[in-house]
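Accompanying notes for the structure given below.
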Amino acid sequence: MGIFSRNKNKKLIIENYPNIGGLMVSKMVTEGNRKPLFMFREKRSRPEDSGWRIFSGFESDEYANDHKNFGIYNPTTILKIDISIATLLFKGVGSVYERESEKSPWTRVYDYHLEDDYLVKHKLTVQWELEINNLFERREEETGDLLYTTGDKSLRLAIWNYDNENKAEIYKNHQDIITHKKDSFPEDLKTFELSDSEISRIGYMIKEFDESREYNVIYGFSIVDNQVLQLALYFDDDEDLNWALATWKGIKRIKE
């Protein structure tokens, strides 16, 4: 995440670290003079909770099952113990990392099952439903858009009615939008055509930037009759492209 991965000044990193919420950390780390070897981020239990659970890697099952062996700490406290997790703490809900020793690099773990890691269906309107991982938090924004996010992956949704246009006309208009975007970003823009017999799906992907990072955004349009479900899928890891496309195709019309 930008400044924190490049900056060599440990004190400056700690002093400027944002408040991401509390970390639940084993006392083997905070009191036992050990550095973390295993950490995962689950769905938070309350707004002030970051969802991060951090272990030394030496906890027995009995030790880990006793809540008295863990404490809630702010990020700066733990970064003073181990600065190597500064970038990892920005990873989203569902992230799992481990390393073999204190001097080993961190690697991502894909086969560790989190309790809330399963697919759920959400009814968006009388016409649309979404299948998405339960790890995503859902909230309605002031604009009326729906946002689903894990922190490093997000989905924003809006639905529009076009009373004076049919499906073919709506498709052509959005196809023209994408063509215009492609002319403006000939090297960076990737296009998608994921239509099936029921839903027309077209869209494009570009890279966008904020103050600290570069990320991918897919802007997609799913069209049924005279209605368009407009979505934006945000992700900063190129490996999450398959997640983005599967999520897009998982937004379907409700069967009557």
Side-chain angles (χ1 to χ4, degrees), residues 42-47 49 51 92-94 113-182 189-206 208 215-237 240-256:
E42 62 184 359
K43 204 168 184 177
R44 59 185 178 178
S45 58
R46 52 195 181 280
D49 176 24
V93 174
H113 181 72
L114 298 177
E115 183 178 351
D116 290 313
D117 186 2
Y118 54 88
L119 293 176
V120 292
K121 286 187 177 181
H122 289 264
K123 185 176 181 180
L124 303 174
T125 67
V126 294
Q127 280 192 300
W128 297 95
E129 67 179 4
L130 162 69
E131 187 172 60
I132 195 166
N133 196 293
N134 185 56
L135 292 170
F136 282 77
E137 292 187 354
R138 167 179 164 150
R139 62 175 178 262
E140 185 172 338
E141 300 190 297
E142 292 182 0
T143 59
D145 293 354
L146 277 178
L147 179 69
Y148 291 83
T149 185
T150 60
D152 59 353
K153 298 193 293 290
S154 298
L155 165 65
R156 179 173 280 109
L157 296 165
I159 298 173
W160 303 90
N161 290 305
Y162 292 79
D163 295 331
N164 298 319
E165 298 179 62
N166 59 38
K167 183 177 180 180
E169 292 171 329
I170 296 170
Y171 182 91
K172 176 62 168 57
N173 290 340
H174 286 79
Q175 195 174 47
D176 291 343
I177 292 172
I178 294 171
T179 299
H180 176 72
K181 289 287 185 182
K182 190 161 187 166
L189 187 137
K190 179 179 176 62
T191 60
F192 301 95
E193 219 298 347
L194 303 175
S195 301
D196 56 34
S197 59
E198 186 174 28
I199 302 175
S200 296
R201 300 183 186 90
I202 54 173
Y204 62 94
M205 181 173 74
I206 59 174
E208 294 188 357
Y215 53 93
N216 299 295
V217 187
I218 293 178
Y219 292 101
F221 309 96
S222 294
I223 307 166
V224 171
D225 300 330
N226 65 337
Q227 193 171 76
V228 177
L229 186 146
Q230 183 176 324
L231 57 87
L233 292 144
Y234 304 85
F235 54 102
D236 56 15
D237 189 335
D240 286 326
L241 174 60
N242 289 335
W243 160 80
L245 297 179
T247 301
W248 184 3
K249 290 187 286 187
I251 304 171
K252 297 180 179 180
R253 191 172 187 179
I254 296 174
K255 303 293 185 181
E256 296 181 357

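Bear in mind the structure is a predicted one, so any value in this text is a computation, not a measurement.
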Checklist outcome for this item: All heavy atoms of I254 vs all of K123, minimum pair found to be CD1-CG, 3.8 Å

Checklist entry - Does the side chain to side chain contact (heavy atoms under 4.5 Å, CB included) test come out yes or no for H122 and L146, once each step is laid out? => result CA-CA 11 Å; H122 289 264; L146 277 178; over 6 Å; no

Next on the checklist: Could you measure the distance from the CG atom of D237 to the NZ atom of K153? Nearest 0.5 Å is fine.
Outcome noted: 8.5 Å

Item to check | Spatial distance of atom CD1 (I178) from atom CG (N173) [nearest 0.5 Å] | outcome: 11.5 Å

Next on the checklist: Would you call the rings of Y162 and H174 parallel, tilted or perpendicular, taking 30° and 60° as the class edges?
Outcome noted: perpendicular

Next on the checklist: Holding to ring-ring contact (aromatic ring centres under 6.0 Å, His included), I want the full list of residues that pass it with F192, two or more places apart in sequence or in another chain.
Outcome noted: none

Checklist entry - In Å, rounded to the nearest 0.5 Å, how long is the span from CG of L135 to CD of E115? => result 10.5 Å

Item to check | Exercise: identify the closest heavy-atom pair between W248 and S222 | outcome: NE1-OG, 3.0 Å

Item to check | Results of ring-ring contact (aromatic ring centres under 6.0 Å, His included) for W243 - residues two or more places apart only | outcome: F136

Item to check | Parallel, tilted or perpendicular, as decided by the 30° and 60° cut-offs, for the rings of Y234 and Y215 | outcome: tilted

Checklist entry - Which residues pass the side-chain hydrogen bond (donor to acceptor under 3.5 Å, both in side chains) test with E193, sequence neighbours left out? => result Y171, S195

Item to check | Residues which pass side-chain contact (heavy atoms from CB on, under 4.5 Å) with A246, listed by chain and number, not counting sequence neighbours | outcome: none

Checklist entry - Would you find a donor on one side and an acceptor on the other, under 3.5 Å apart, between the side chain of D225 and the backbone of Q227? => result no

Next on the checklist: Looking at every heavy atom in both L114 and G94, which two are closest together, and how far apart are they?
Outcome noted: CD1-CA, 3.6 Å

Checklist outcome for this item: Residues passing the side-chain contact (heavy atoms from CB on, under 4.5 Å) test with N226, sequence neighbours excluded, are D163, I170

Item to check | With sequence neighbours excluded, residues passing side-chain hydrogen bond (donor to acceptor under 3.5 Å, both in side chains) with R201 | outcome: D196

Item to check | Atom CZ of R46: over 12 foreign heavy atoms under 6.0 Å | outcome: yes

Checklist entry - Between L155 and L130, does a side chain to side chain contact (heavy atoms under 4.5 Å, CB included) hold up when you go through it step by step? => result CA-CA 11 Å; L155 165 65; L130 162 69; 3.9 Å; yes

Checklist outcome for this item: Scanning both residues in full, the closest heavy-atom pair of I218 with L241 reads CD1-CD1, 3.9 Å

Item to check | Minimum-distance pair of heavy atoms, taken over all atoms of R156 and D145 | outcome: CD-OD2, 3.6 Å

Checklist entry - Measuring from Q175:CD to I202:CD1, what's the distance to the nearest 0.5 Å? => result 5.5 Å

Checklist entry - Out of curiosity, S154 OG to D236 CG, how far, rounded to the nearest 0.5 Å? => result 9.5 Å

Next on the checklist: Once side-chain contact (heavy atoms from CB on, under 4.5 Å) is applied, do any residues pair with N166, and if so which ones, sequence neighbours excluded?
Outcome noted: A168, E169

Next on the checklist: According to ring-ring contact (aromatic ring centres under 6.0 Å, His included), who are the partners of F235, at least two apart in sequence or on a separate chain?
Outcome noted: none

Checklist entry - Does atom NE2 of H180 have more than 12 heavy-atom neighbours, drawn from other residues, nucleotides or ligands, at distances under 6.0 Å? => result no

Checklist outcome for this item: Residue set satisfying side-chain hydrogen bond (donor to acceptor under 3.5 Å, both in side chains) with T150, at least two apart, ordered chain then number -> D152

Item to check | Check against side chain to side chain contact (heavy atoms under 4.5 Å, CB included), V93 and E137 | outcome: CA-CA 9 Å; V93 174; E137 292 187 354; 5.7 Å; no

Checklist outcome for this item: Contacts of S45 meeting side-chain hydrogen bond (donor to acceptor under 3.5 Å, both in side chains) (sequence neighbours excluded), chain-then-number -> D49

Checklist outcome for this item: Nearest heavy-atom contact between I132 and Y148 is CD1-CB, 3.9 Å

Checklist entry - Quick check: are there more than 12 heavy atoms from other residues, nucleotides or ligands sitting under 6.0 Å from NZ of K252? => result no

Next on the checklist: Any side-chain to backbone donor/acceptor pair from K121 onto E129? Under 3.5 Å, distance only.
Outcome noted: no

Checklist entry - Does the side chain of R139 come within less than 4.5 Å of T149's, by heavy atoms? => result yes

Checklist outcome for this item: Sorted by chain and number, sequence neighbours left out, salt bridge (charged side-chain N to carboxylate O under 4.0 Å, His left out) with E198 holds for K255

Checklist entry - When rounded to the nearest 0.5 angstrom, what distance separates CG in L231 from CD1 in I251? => result 5.0 Å

Item to check | Working for side chain to side chain contact (heavy atoms under 4.5 Å, CB included), residues T125 and L229 | outcome: CA-CA 10 Å; T125 67; L229 186 146; over 6 Å; no

Checklist entry - Residues two or more places apart in sequence or in another chain: which of them pass side-chain contact (heavy atoms from CB on, under 4.5 Å) with S197? => result none

